[in-house]
Amino acid sequence: MDTGYQEILPVAVLIAAAMVLMIRENHSQKKRRRKRIVDLWGTIPHREYQAEELACMADYARRKYGESLSIDDITWNDLNMDLVYQKINHSMSACGDEYLYCALRMPELDETVLNERERLISYFDCHEKERVLVQEALDGIGRIYGYSISDYIDAIRNVPKRSRKKYFFLSASALVGIAFLFVWPAIGMMVFISFLTINVIVHSRESGRIDACLKSLMCVLRILRTAGKLGKMEIPELSDYLLRLQVESRKMRGIRKKCITLIHTRGMDGDLASMLSSYFNTFFLFDFISFYSVIRDLKQNSNTLTQMISDIGVLDFAISVASYRKSLPFYCIPEYVSNGRIEEFVMDLEDLYHPLLMEPVANSICAKRGILITGSNASGKSTFLKSVALNAILAQSIDTSLSHSYQSVMCRVMTSMALRDDIENGESYYIVEIRSVKRILDQSRKKEPLLCVIDEVFRGTNTVERIAASSQVLFSLRKPQVLCFAATHDIELTYILEELYTNYHFEEKVTDQDVEFDYLLKEGRAVGRNAIALLSVMGYEREIVEGAKKAAARFEENGIWEQLNE
């Protein structure tokens, strides 16, 4: 065998072996990724969220919808919607994360939108092969920790317009200096060194502008790559989205190539070629020329990129909801009555339960007018109220109700429940409370249907004024387009509002050793008074318990509290 071939053969064998190993590793990674996707289907997510992630998505929703944001911060916090979002979110990408979050913050009032979401959800539920293919593509975008996609896109939009003439001139001057080296070496060396020095200074001084946007461009690149993969798929049921992504991807092909080149030449890949390219850019400013070209093109195609993110997001959203449904004990597709003129807001719920409880107790109710709920603390009042509000939001966002049946009108949802005093602004609990209830009263004057949930109206003030004020507020909320659910400890309200509100209650069973709750909603007002009996169960001294019982009995008999003396 020729000596030259003998020397080349080992090298060729090593290269071939390395290529085989790379192919096998890529194949193994793909199999592991697919197994992970399949294994996670229908399970409860255990992803840990950073506070910054949720804050960024909240800021994005406020920027996108502004004053029209349907689920305001009070309602969102009352219902622990951050936790609900985390439990629902099975998304593979940041696009899906944001789409789901915005869907929950802006429940739909258009049934056609929900019908389309349901079509996608049902398709992915029944077609595992196609679903996994789409999820593998979506996994290429991944997640962005601490920022939202909109933050990155806004960073690109906010890059000031800058002419590239300066960079072309400086780059060309350095290249001319190199050419002069072969003709007039002395002059060429002076020109080359002079402009090389200037270029290095300019690059060092202005490089931060590019570095600040490189992560944005990497995010855009991942979106463009995923759009390209999805656009090549042939799934007739998803053709509206995939064909649009295909067209959008082709339109953005030039931007994609520029992003790849820029990221590579800025040394982001970490390999030797990338490092050499970064030094080359420092001397000739090619990365500045490329960067402002990409920024210009992205600004001109901003609407295309936004549509692309939305198309990817809705597909990821639909898969996420389909997976969430698999984790539920049972659910139903909501039914809506006409959104025309409402003679009376009616909500019919069968076996409704709370999404955050591990072993929830289901309750049913047909609310044809306002609902007033009484019962002791921890008996289930607040949980039931939250279940009603939460399911209304889920019904109009992910087209899913955690119940056996759900019938209602499409409505706005507002709550006033888990309030606290505002120390920072110097506002007491009562001031915070009356502000919270006032916003509900303001909304109730509008013509659109409103579901409002209020837990313990005006608990922050004295008994007489609380009953007087809360009765008037609840009276004001009895309107054809408004359905109010309220909880109270004031039995007096159940008599004052008996002609306007239907009474329900929760109760408990108190024994000598324990207190037992069944968490079942029952018709009528609460008749038992077990608050004092609970003191005994919790170990209070017998003298305190007996004294409290006698004092309550005397008050009920003559309406006067007796003064206590030593």
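Because the structure is a prediction, the values reported are computed rather than measured.
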query: Hey, mind stepping through R119 and E116 against salt bridge (Lys or Arg N to Asp or Glu O under 4.0 Å) and telling me if it holds?
result: CA-CA 5 Å; R119 186 185 72 82; E116 174 59 13; 2.9 Å; yes
- request: Kindly determine whether L390 and L356 satisfy side chain to side chain contact (heavy atoms under 4.5 Å, CB included), including the steps that lead there.
  value: CA-CA 10 Å; L390 278 168; L356 296 180; 5.7 Å; no
query: What's the verdict on side-chain hydrogen bond (donor to acceptor under 3.5 Å, both in side chains) for N115 and T112, showing C-alpha distance, side-chain angles and the deciding distance?
result: CA-CA 5 Å; N115 290 339; T112 58; over 6 Å; no
task: Check step by step if side-chain hydrogen bond (donor to acceptor under 3.5 Å, both in side chains) holds for E448 and Q443.
output: CA-CA 9 Å; E448 66 183 53; Q443 182 64 32; 3.1 Å; yes
query: So S293 and K258, side-chain hydrogen bond (donor to acceptor under 3.5 Å, both in side chains) or not? Walk me through it.
result: CA-CA 8 Å; S293 174; K258 289 179 181 179; 2.7 Å; yes
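Taking 4.0 Å as the cut-off between side-chain N and carboxylate O, R105 and D73 count as a salt-bridged pair. Between R62 and D59 there is a salt bridge, since a side-chain N of the basic residue sits under 4.0 Å from a carboxylate O of the acidic one. A salt bridge does not link D78 with K386: every distance from a Lys NZ or Arg NE/NH1/NH2 to an Asp or Glu carboxylate oxygen is 4.0 Å or more. Between R157 and D154, at least one side-chain N (NZ, or NE/NH1/NH2) sits under 4.0 Å from a carboxylate O, which counts as a salt bridge. A salt bridge links R47 to E53: one of the charged nitrogens lies within less than 4.0 Å of a carboxylate oxygen. Contact check on D311 versus R244 returns a salt bridge, with a Lys/Arg side-chain nitrogen under 4.0 Å from an Asp/Glu carboxylate oxygen. A salt bridge links R325 with E118; the closest basic N to acidic carboxylate O contact falls under 4.0 Å. In summary, D151 and K215 do not engage in a salt bridge, as defined by a charged side-chain N under 4.0 Å from a carboxylate O.
Counting only heavy atoms from C-beta outward, the side chains of V453 and V413 never approach each other to under 4.5 Å. Side-chain contact check for R225 versus I141: every heavy-atom pair is 4.5 Å or farther apart. Using a 4.5 Å heavy-atom threshold, the side chains of R117 and L114 count as touching. Between L483 and C411 the shortest side-chain heavy-atom distance does not fall below 4.5 Å. With contacts defined as side-chain heavy-atom distances shorter than 4.5 Å, the pair L79/V84 does not qualify. The shortest distance between side-chain heavy atoms of F506 and L521 falls below 4.5 Å. At least one side-chain heavy atom of I235 sits under 4.5 Å from a side-chain heavy atom of V134.
In this structure, Y353 has its ring center under 6.0 Å from that of F330.
Ring planes of Y324 and H90: tilted class, angle from 30 to 60°.
Defined by atom type and a distance below 3.5 Å, a donor-acceptor pair is missing between the side-chain atoms of Q135 and D139. In this structure, a donor-acceptor pair under 3.5 Å is absent between the side chains of R131 and S323.
The distance from the CE atom of M218 to the SG atom of C259 is 10.5 Å, given to the nearest 0.5 Å. Taken to the nearest 0.5 Å, the CG atom of L133 stands 5.5 Å off from the CE atom of M233. Residue L394 holds its CG atom at 7.0 Å from CG of L104, rounded to the nearest 0.5 Å. Remark: N301 CG to I255 CD1 distance equals 4.5 Å, nearest 0.5 Å. For the atom pair CE of M106 and OG of S397, the computed distance is 11.5 Å after rounding to the nearest 0.5 Å. Considering CG of L224 and CG of L245, their distance stands at 10.5 Å, rounded to 0.5 Å.
When each of Y49, Y60, Y65, W76 is tested with Y101 by the rule ring pair (Phe, Tyr, Trp, His ring centres under 6.0 Å), just one qualifies, namely W76.
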